[in-house]
**Q** 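A single structure is presented below for examination.
FYI, the numbering just counts along the sequence from 1.
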Amino acid sequence: LLALPHTVAWAQAVVGILEGRAILLRPEGQFELAEGALLRDADIVETAPASFAQIELADGLRIGLGENTRLMLAPPRAAGHGAAPRLHLLQGWLKLTPLLDKPAVGEFATPRATLSALAGVCVVSADATAVSLFVESGSVSFVERPAGATARSVRGGDFVTGRGNA
């Protein structure tokens, strides 16, 4: 991985595990990802077929990325639209695992839904047309688009799927 200057405003993130191949996309270019790489705001991580990556944040949150997944870290938010989410799952699947005694702060976005109040382990699959969520343990708040939809609490063992409107 080419050494690039980095500033991470939200929480330092590092690639802790990489099985197979993954690409890091930045305005400076496209780079082959490696274990130990530091990630920064607006980085896009893209895993290849038959690959897995785990991103570890300073607050203990672990983000597991499945094959053929695209994830943007700390994407920018347009002015007047509230706080930016911690990450945006563009396509594919991920597993969010916070520390057992510390719920994860912030929002986690997909093209069709937003997750927040993460107080447990969940698996999310998303693309431009649909989102699916399975909560392994604990709970998470799930809001399907359009904006303004009612949040619902999804608890351990529950599965939710939706096709929200953009």
Side-chain angles (χ1 to χ4, degrees), residues 1-77 84-99 104-116 118 120-138 140 142-145 154 158-164 166:
L1 178 67
L2 179 64
L4 295 171
H6 67 280
T7 57
V8 180
W10 48 285
Q12 189 168 1
V14 64
V15 177
I17 299 172
L18 179 60
E19 296 176 5
R21 296 188 61 223
I23 300 295
L24 171 63
L25 302 171
R26 288 187 171 159
E28 299 90 348
Q30 177 175 308
F31 309 93
E32 190 76 23
L33 201 58
E35 286 182 357
L38 293 179
L39 303 174
R40 65 182 189 200
D41 292 359
D43 278 351
I44 297 175
V45 175
E46 184 175 301
T47 58
S51 296
F52 170 83
Q54 180 172 286
I55 299 169
E56 301 164 358
L57 303 186
D59 67 358
L61 179 66
R62 292 186 316 269
I63 306 163
L65 304 179
E67 67 177 352
N68 298 317
T69 294
R70 292 184 63 149
L71 176 77
M72 178 181 271
L73 300 171
R77 174 75 62 121
R86 291 183 72 181
L87 58 87
H88 190 137
L89 177 61
L90 302 166
Q91 75 175 43
W93 72 266
L94 61 76
K95 181 175 183 176
L96 297 170
T97 307
L99 291 175
V105 295
E107 291 185 343
F108 308 93
T110 75
R112 297 292 180 202
T114 301
L115 308 175
S116 61
L118 179 64
V121 178
C122 68
V123 178
V124 182
S125 173
D127 62 24
T129 62
V131 61
S132 297
L133 166 70
F134 174 70
V135 179
E136 287 184 11
S137 64
V140 65
F142 177 84
V143 179
E144 195 172 355
R145 290 197 185 28
V154 184
D158 290 346
F159 177 79
V160 176
T161 189
R163 296 186 181 278

**Q** May I ask you to say whether Arg21 pairs ionically with Glu32, meaning some side-chain N is under 4.0 Å from a carboxylate O?
**A** yes
**Q** Nearest 0.5 Å please: distance from the CG atom of Leu133 over to the CZ atom of Phe159.
**A**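 So the CG of Leu133 and the CZ of Phe159 are separated by 8.0 Å.
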**Q** Would you check if Val124 and Val131 make a side-chain contact, meaning some heavy-atom pair closer than 4.5 Å?
**A**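 Yes, at least one pair of side-chain atoms sits under 4.5 Å.
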**Q** With sequence neighbours left out, what residues match Asp127 under side-chain hydrogen bond (donor to acceptor under 3.5 Å, both in side chains)?
**A** Thr129
**Q** Backbone N or O of Asn68 within a donor-acceptor pair of the Thr47 side chain at under 3.5 Å?
**A**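 Side chain of Thr47 to backbone of Asn68, a donor-acceptor pair under 3.5 Å: yes, one is there.
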**Q** Hey, could you give me the OG1/CZ distance between Thr114 and Phe108, rounded to the nearest 0.5 Å?
**A**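 One gets 11.0 Å once the value is rounded to the nearest 0.5 Å.
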**Q** Drop me the distance from Asp59's CG to Leu99's CG, to the nearest 0.5 angstrom.
**A** 7.0 Å
**Q** What's the spacing between Asp158 CG and Glu136 CD if we round to 0.5 Å?
**A**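 The CG atom of Asp158 sits 13.0 Å away from the CD atom of Glu136.
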**Q** When rounded to the nearest 0.5 angstrom, what is the spacing between CZ in Phe31 and CZ in Arg26?
**A** 7.0 Å
**Q** Would a 4.5 Å heavy-atom cut-off, applied to side chains only, mark Ile55 and Val14 as touching?
**A** no
**Q** Using the test side-chain hydrogen bond (donor to acceptor under 3.5 Å, both in side chains), find all partners of Gln91 that sit at least two apart in sequence or belong to another chain.
**A** none
**Q** Can you tell if the side chain of Lys95 reaches within under 4.5 Å of the side chain of Ile63, non-hydrogen atoms only?
**A**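 No, too far: nothing below the 4.5 Å cut-off.
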**Q** Is Leu38 close to Gln12 at the side-chain level, that is, under 4.5 Å between some pair of heavy atoms?
**A** yes
**Q** Test your reading of the model: is there a side-chain donor-acceptor pair from Arg86 to the backbone of Val105, 3.5 Å cut-off?
**A** yes
**Q** The criterion is side-chain hydrogen bond (donor to acceptor under 3.5 Å, both in side chains); which residues satisfy it with Ser125, sequence neighbours excluded?
**A**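 Applying side-chain hydrogen bond (donor to acceptor under 3.5 Å, both in side chains) to Ser125 gives none.
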**Q** Between Ala74 and Asp41, which heavy-atom pair has the shortest distance, and what is it?
**A**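 Taking Ala74 first and Asp41 second, the nearest heavy atoms are CB-OD1, 3.5 Å.
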**Q** Please find the pair of heavy atoms, one from Leu96 and one from Pro98, that lie closest to each other, and give the distance.
**A**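 Reported closest heavy-atom pair: O-CD, 3.8 Å.
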**Q** Assess the residue pair Leu89 and Thr69 against the criterion (side chain to side chain contact (heavy atoms under 4.5 Å, CB included)); give the C-alpha distance rounded to whole Å, side-chain angles, the decisive distance to 0.1 Å, and a yes or no.
**A** CA-CA 8 Å; Leu89 177 61; Thr69 294; 3.6 Å; yes
**Q** The criterion is salt bridge (charged side-chain N to carboxylate O under 4.0 Å, His left out); which residues satisfy it with Glu35, sequence neighbours excluded?
**A** none
**Q** Do Leu94 and Val123 have side-chain heavy atoms sitting under 4.5 Å apart?
**A**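 A side-chain contact under 4.5 Å is absent here.
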**Q** Suppose we screen for salt bridge (charged side-chain N to carboxylate O under 4.0 Å, His left out). Which residues come up paired with Arg70, at least two apart in sequence or across chains?
**A**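 Result, salt bridge (charged side-chain N to carboxylate O under 4.0 Å, His left out) vs Arg70: Glu46.
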**Q** Given side chains that start at C-beta, do those of Leu61 and Leu118 come closer than 4.5 Å, heavy atoms only?
**A**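 Yes - at least one pair of side-chain heavy atoms lies under 4.5 Å apart.
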**Q** Is there a side-chain contact between Leu33 and Ile23 (heavy atoms, below 4.5 Å)?
**A**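 Sidechains of Ile23 and Leu33: no contact.
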**Q** Apply salt bridge (charged side-chain N to carboxylate O under 4.0 Å, His left out) to Glu67 and list each qualifying residue two or more places apart in sequence or on a separate chain.
**A** none
**Q** In Å and rounded to the nearest 0.5 Å, what is the CG to CD1 distance from Leu71 to Ile44?
**A**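 Result: 9.0 Å between the selected atoms.
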**Q** Do you know the tightest heavy-atom contact between Leu87 and Pro75?
**A** CA-CD, 3.9 Å
**Q** Could you check whether any side-chain heavy atom of His88 comes within less than 4.5 Å of a side-chain heavy atom of Pro111, counting everything from C-beta outward?
**A**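 In contact.
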